[in-house]
A.B. asks: 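Sharing a structure, written as structure tokens. Questions coming.
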Amino acid sequence: MVQKSEKEPLPARRSRGRPRSFDAGATLAQATLTFWQRGYAATSMDDLSEATGLNRPSLYGAFGDKHALYLQALRLYAEQSDAAIAAAFEGCPLRDGLARVYALALQLYYPADATPRGCLLIGTAATEAPRDEAIRAALAAALHGFTAAFEARLREAVVQGELPAGTDVAMRAQLAAAVLHSMALRARAGEPREALAALAQAGVAMVLSPTGTAAR
């Protein structure tokens, strides 16, 4: 390593405290991405500090400890996912809406410039849930929210005649959500995107089938 001359002025130190233009939403989004890529246990406060550009005291002051920050990341992800599912179903037939939901999921699970990452919840929270009550509750609430979004659209489909009267919409919603969760897990494991696109197509057929099974 080349040492500086004692006469050479040292560069001014850059502060990594909270900047005046601190954006809590953008910081939380960056922290969420870090947890998503590394997992909860493997992510340190130093990792979060580096990713967000804030020092540890500033992170603690804005969000609390790592556990509190992670719970906020899970809530953000769940809220954004619920909104995306609702938007995908809006103004189109059930078949098209289901296809949109799964297509959006694939875009999320397979970022163009990074390793396939699957779903933040399935990929990171599921491993922590058995030993952490708060994470388990956040995971359960998020998964319930996904299923509820599917169920709401399926009930609407019965009213509009897209599905037969008497359809067990609660169970079909569970099936639709299960396809989504399977895609998330398989993406995290590195399965080819094309294979999951085929799974999604079969899932749409299964949910729409009069008998609730995929056509052969």
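Not measured: the values here are computed from a predicted model.
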A.B. asks: Taking all heavy atoms of Ala105 and all of Leu180, pick out the closest pair and write down the distance.
C.D. replies: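 Smallest interatomic distance, heavy atoms only, reads CB-CD1, 3.5 Å.
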A.B. asks: Quick check against the 3.5 Å criterion: does Thr32 have a side-chain atom that pairs as donor or acceptor with the backbone of Leu28?
C.D. replies: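 Indeed, once roles are kept as given, a pair shorter than 3.5 Å links the two residues.
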A.B. asks: Using the salt bridge (Lys or Arg N to Asp or Glu O under 4.0 Å) rule, take Glu151 and Arg155 through it: C-alpha gap first, then chi angles, then the decisive distance, then the call.
C.D. replies: CA-CA 6 Å; Glu151 184 172 343; Arg155 290 192 183 283; 2.6 Å; yes
A.B. asks: Count I, L, V, M, F, W, Y as connected when their side-chain heavy atoms are under 4.5 Å apart, and connections chain through other members. Are Met45 and Leu71 then in the same cluster?
C.D. replies: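 Yes; Leu71 is reachable from Met45 via cluster members.
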A.B. asks: Does the side chain of Leu196 come within less than 4.5 Å of Tyr109's, by heavy atoms?
C.D. replies: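 With C-beta onward as the side chain, the pair stays apart.
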A.B. asks: Any chance you could measure Gln30, atom CD, to Asp23, atom CG, to the nearest 0.5 Å?
C.D. replies: 11.5 Å
A.B. asks: Is the closest side-chain heavy-atom distance between Leu94 and Leu208 below 4.5 Å?
C.D. replies: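 SC-SC contact between Leu94 and Leu208 confirmed.
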A.B. asks: Tell me yes or no: between the side chains of Ser49 and Asp46, is some donor less than 3.5 Å from an acceptor?
C.D. replies: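 No - no donor-acceptor pair under 3.5 Å links their side chains.
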A.B. asks: For a quick test of reading the model, state the closest non-hydrogen atom pair linking Ala68 to Phe63 and the distance between them.
C.D. replies: CB-O, 3.4 Å
A.B. asks: Atom CZ of Arg117 and atom CZ of Arg188: how far apart are they, to the nearest 0.5 Å?
C.D. replies: 9.5 Å
A.B. asks: Does any N or O in the side chain of Thr52 come within less than 3.5 Å of the main-chain N or O of Leu48, such that one atom is a donor and the other an acceptor?
C.D. replies: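 Pair found, side chain donor or acceptor close to backbone of Leu48.
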A.B. asks: Can you check whether Leu33's main-chain N or O pairs, donor with acceptor, with Arg38's side chain at less than 3.5 Å?
C.D. replies: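 No; zero donor-acceptor contacts below 3.5 Å.
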A.B. asks: For His67 and Tyr40, take the angle between the two ring planes, folded into 0 to 90°, and tell me which bin it lands in: parallel under 30, tilted 30 to 60, perpendicular over 60.
C.D. replies: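 Plane angle over 60°, so perpendicular.
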A.B. asks: How long is the straight-line distance from CE of Met206 back to CD of Gln201, given to the nearest 0.5 Å?
C.D. replies: 13.0 Å
A.B. asks: Taking all non-hydrogen atoms of both residues, which atom of Val179 and which atom of Gly203 are closest, and how far apart?
C.D. replies: CG2-CA, 4.0 Å
A.B. asks: Checking Thr127 side chain against Thr124 main chain: does a donor-acceptor pair fall under 3.5 Å?
C.D. replies: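 Yes, because the side chain of Thr127 sits within donor-acceptor range (under 3.5 Å) of the backbone of Thr124.
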A.B. asks: So, do Leu199 and Glu191 sit near enough that their side-chain heavy atoms are less than 4.5 Å apart?
C.D. replies: no
A.B. asks: Which value, rounded to the nearest 0.5 Å, describes the distance between Gln107 atom CD and Tyr102 atom OH?
C.D. replies: 15.5 Å
A.B. asks: Walk me through whether Thr147 and Leu143 qualify under side chain to side chain contact (heavy atoms under 4.5 Å, CB included).
C.D. replies: CA-CA 6 Å; Thr147 303; Leu143 297 183; 5.6 Å; no
A.B. asks: Can you list the steps and then say if Thr34 with Glu50 is a side chain to side chain contact (heavy atoms under 4.5 Å, CB included)?
C.D. replies: CA-CA 10 Å; Thr34 304; Glu50 181 178 356; over 6 Å; no
A.B. asks: Does the plane of the ring in Phe35 sit parallel, tilted or perpendicular to the ring in Tyr70? Use 30° and 60° as the thresholds.
C.D. replies: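 Taking Tyr70 first and then Phe35, their aromatic rings stand perpendicular (interplane angle over 60°).
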A.B. asks: Tell me the closest heavy-atom pair linking Leu139 and Ala129, and the distance in Å.
C.D. replies: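 Of all heavy-atom pairs spanning Leu139 and Ala129, the closest is CD2-CB, 4.0 Å.
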A.B. asks: When rounded to the nearest 0.5 angstrom, what distance separates CG in Asp168 from CD in Gln174?
C.D. replies: 9.5 Å
A.B. asks: Within the structure provided, determine whether Trp36 and Cys119 are in side-chain contact (heavy-atom separation under 4.5 Å).
C.D. replies: no
A.B. asks: Start with the C-alpha gap between Tyr77 and Leu108, add the side-chain angles, then the distance that decides, and say whether side chain to side chain contact (heavy atoms under 4.5 Å, CB included) holds.
C.D. replies: CA-CA 11 Å; Tyr77 183 87; Leu108 192 67; 3.5 Å; yes
A.B. asks: With heavy-atom distances below 4.5 Å as the criterion, would you say the side chains of Phe150 and Val207 are in contact?
C.D. replies: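 In short, these two side chains do not touch, never coming nearer than 4.5 Å.
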A.B. asks: Would you say Leu185 ends up clustered with Leu104 if hydrophobic residues are merged whenever their side chains have heavy atoms under 4.5 Å apart, either directly or through other cluster members?
C.D. replies: no
A.B. asks: At their closest point, which heavy atom of Ala142 faces which heavy atom of Leu121, and how far apart are they?
C.D. replies: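 Residues Ala142 and Leu121, closest heavy atoms: CB-CD1, 3.5 Å.
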A.B. asks: Between Lys66 and Ser44, is there a donor-acceptor pair closer than 3.5 Å when you use the side chain of the first and the backbone of the second?
C.D. replies: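 Not a single qualifying donor-acceptor pair exists.
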A.B. asks: Return the minimal non-hydrogen interatomic distance between Leu120 and Ala73, and the atom names on each side.
C.D. replies: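 Here Leu120 and Ala73 meet closest at CD2-O, 4.0 Å.
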A.B. asks: Could you measure the distance from the CD atom of Glu156 to the CG atom of Leu154? Nearest 0.5 Å is fine.
C.D. replies: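 If I round to the nearest 0.5 Å, the distance is 10.0 Å.
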A.B. asks: Do Phe89 and Asp96 have side chains that approach each other closer than 4.5 Å (heavy atoms only, starting at C-beta)?
C.D. replies: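 In short, these two side chains do not touch, never coming nearer than 4.5 Å.
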A.B. asks: As a quick check of understanding, evaluate salt bridge (Lys or Arg N to Asp or Glu O under 4.0 Å) for Glu162 and Arg153, giving each step before the final call.
C.D. replies: CA-CA 11 Å; Glu162 294 177 287; Arg153 180 60 182 89; 3.0 Å; yes
A.B. asks: Are the side chains of Leu76 and Gln80 in contact, using a 4.5 Å heavy-atom criterion?
C.D. replies: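 They are in contact (side-chain heavy atoms under 4.5 Å apart), so the answer is yes.
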A.B. asks: Just checking Gln160: does its CD atom have more than 12 heavy atoms from other residues, nucleotides or ligands closer to it than 6.0 angstrom?
C.D. replies: yes
A.B. asks: Can a donor-acceptor pair be found between the side chains of Ser182 and Arg186 at a distance below 3.5 Å?
C.D. replies: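 Yes, side-chain donor-acceptor contact under 3.5 Å.
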